[in-house]
Amino acid sequence: MTRRRAIFAVLGAGVAVLAMIGPALGEGVVAYRVVDGFSIPEPLTAAPGDPERGRAVAINRRQGNCLSCHVMPIAEQPFHGEVGPSLYGVANRYDAAELRLRVVDAKVVNPDSFMPAFYRTEGLHDVSEAFRDKPILDAQQVEDVVAYLMTLTEEQ
Ligand code: HEC
């Protein structure tokens with residue numbers, strides 16, 4: 001092998017290794033930027049959120065479980081909690097960037113909030129092993145929930 005070919009072989013092997021670990025790294029949490037402690041303007045994913053999927057995530061007890069604390073226009077579900085404010089008309093009160101921060105980490109806005117941080121991993125100590133170092137929702141689910149919240153324009 002000439003020296004030049006040897007260099008290409010090494011480079012090629014490096015690219016192959018990167019291609020293998022790339023997807024594994026991709027499963028981690030997407031970095032997000034909070035602006036003025038009030039919003040996250042950049043979506044977490046390239047694909048736009050899907051309001052139908054977001055509604056399902058909000059209902060799911062093992063995912064958003066938003067209904068345990070919020071009254072929402074989801075009539076087929078019997079129980080709606082009232083720990084948090086009603087989410088009727090919430091899209092009139094906040095834009096998508098502000099809603100995104102509230103879903104990602106409501107404690108940035110209100111450090112005493114009872115609302116779980118759905119997309120934060122640092123400082124989660126009181127959680128079961130299965131959830132340690134893992135956000136409750138993945139990046140796409142956050143975007144889906146935000147897209148769903150943006151449809152809530154009707155006041156109750
Ligand atoms: C354990 C209770 C709890 C759960 C679960 C919860 N929230 Fe909340 N949420 C609150 C409380 C309490 C507030 C009031 C503000 C604060 O304390 O942060 C709030 C505030 C909000 C607000 C701002 C509403 C306003 O009018 O100011 C939005 C939007 C919101 N929650 C969305 C959600 C979504 C979406 C989910 C599910 C993915 C969810 N919440 C799950 C307790 C909860």
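Atoms within a ligand are numbered from 1 in the order they appear, just like the ligands themselves.
- For the atom pair Leu87 CG and Cys69 SG, the distance stands at 10.0 Å (nearest 0.5 Å).
- Among Arg100, Arg53, Arg55, the single residue meeting the salt bridge (charged side-chain N to carboxylate O under 4.0 Å, His left out) criterion with Asp144 is Arg53.
- Between the His80 side chain and the Ile74 main chain, a donor and an acceptor come within less than 3.5 Å of each other.
- Atom-to-atom distance recorded for Arg93:CZ and Tyr88:OH is 12.0 Å, nearest 0.5 angstrom.
- In this structure, CD in Gln77 is found 11.5 Å from OG in Ser68, a value given to the nearest 0.5 Å.
- Under a cutoff of 6.0 Å and an axis angle of 45°, Arg102 and Phe38 form a cation-pi pair.
- For ligand 1, the 4.0 Å heavy-atom shell takes in Gly64, Asn65, Cys66, Ser68, Cys69, His70, Val83, Gly84, Pro85, Leu87, Val90, Arg93, Tyr94, Leu99, Arg102, Asn110, Ser113, Phe114, Met115, Pro116, Phe118, Val145, Leu149, ordered by chain and residue number.
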